[in-house]
Amino acid sequence: VVDVSGMDFVRASLRLRVPASTPSELGWEASIVVDGTKVARMRAKPGRERLVTDLAGNVSKLSGTHTVGVRLELVAV
């Protein structure tokens, strides 16, 4: 739980590496989630590695405490 009062963005820095053995129709999606809603996301395909130095989700319209997290999902690409 994070107090986002006065904040414009929540940020994450991450490296996403998808194994080449992952089926070609699937990939990984990393997202910033606030209260269960995705506010930012990025995807990577099999055999790829992505370095994301500034994944940012807009929270400028929120105030008070909210549940903030990073979610990793296997998705169709």
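Computed from a predicted model, the values in this text were never measured in an experiment.
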Transitive ILVMFWY side-chain link Phe9 to Met7, under 4.5 Å
no
Atom CZ of residue position Arg43 - does it have more than 12 heavy atoms of other residues, nucleotides or ligands inside 6.0 Å?
yes
Who pairs with Thr53 by side-chain hydrogen bond (donor to acceptor under 3.5 Å, both in side chains), at least two apart in sequence or on another chain?
none
So, the side chain of Ser5 versus the backbone of Gly64: is there a donor-acceptor pair under 3.5 Å, distance only?
yes
So, using side-chain contact (heavy atoms from CB on, under 4.5 Å) as the criterion, who are the partners of Met42 when residues are at least two apart?
Leu14, Leu16, Ala30, Arg50, Val52, Leu55
Sequence neighbours excluded - salt bridge (charged side-chain N to carboxylate O under 4.0 Å, His left out) pairs with any residue from residues 61-70
none
Tell me, please, which residues at least two apart from Ser63 pass side-chain hydrogen bond (donor to acceptor under 3.5 Å, both in side chains).
none
What residues form a side-chain hydrogen bond (donor to acceptor under 3.5 Å, both in side chains) with Glu25, not counting sequence neighbours?
none
Quick one: side-chain hydrogen bond (donor to acceptor under 3.5 Å, both in side chains) partners of Asp54, sequence neighbours excluded?
Arg11
Side-chain donor-acceptor pairs of residues 67-77 under 3.5 Å, sequence neighbours excluded:
unit_1	atom_1	unit_2	atom_2	d
Glu73	OE2	Lys38	NZ	2.9

Shortest non-hydrogen contact from Pro46 toward Ser24
CG-CA, 4.0 Å
For Val39, enumerate each residue passing the side-chain contact (heavy atoms from CB on, under 4.5 Å) test, keeping only those at least two apart in sequence or located in another chain.
Ile32, Val34
Holding to salt bridge (Lys or Arg N to Asp or Glu O under 4.0 Å), I want the full list of residues that pass it with Arg15, two or more places apart in sequence or in another chain.
Glu49
As an exercise, state the distance from CZ of Arg17 to OG1 of Thr22, rounded to the nearest 0.5 Å.
12.5 Å
By salt bridge (Lys or Arg N to Asp or Glu O under 4.0 Å), Asp35 pairs with (sequence neighbours left out) none
Set of salt bridge (Lys or Arg N to Asp or Glu O under 4.0 Å) partners for Arg41, sequence neighbours left out
Glu29
Holding to salt bridge (Lys or Arg N to Asp or Glu O under 4.0 Å), I want the full list of residues that pass it with Lys45, two or more places apart in sequence or in another chain.
none
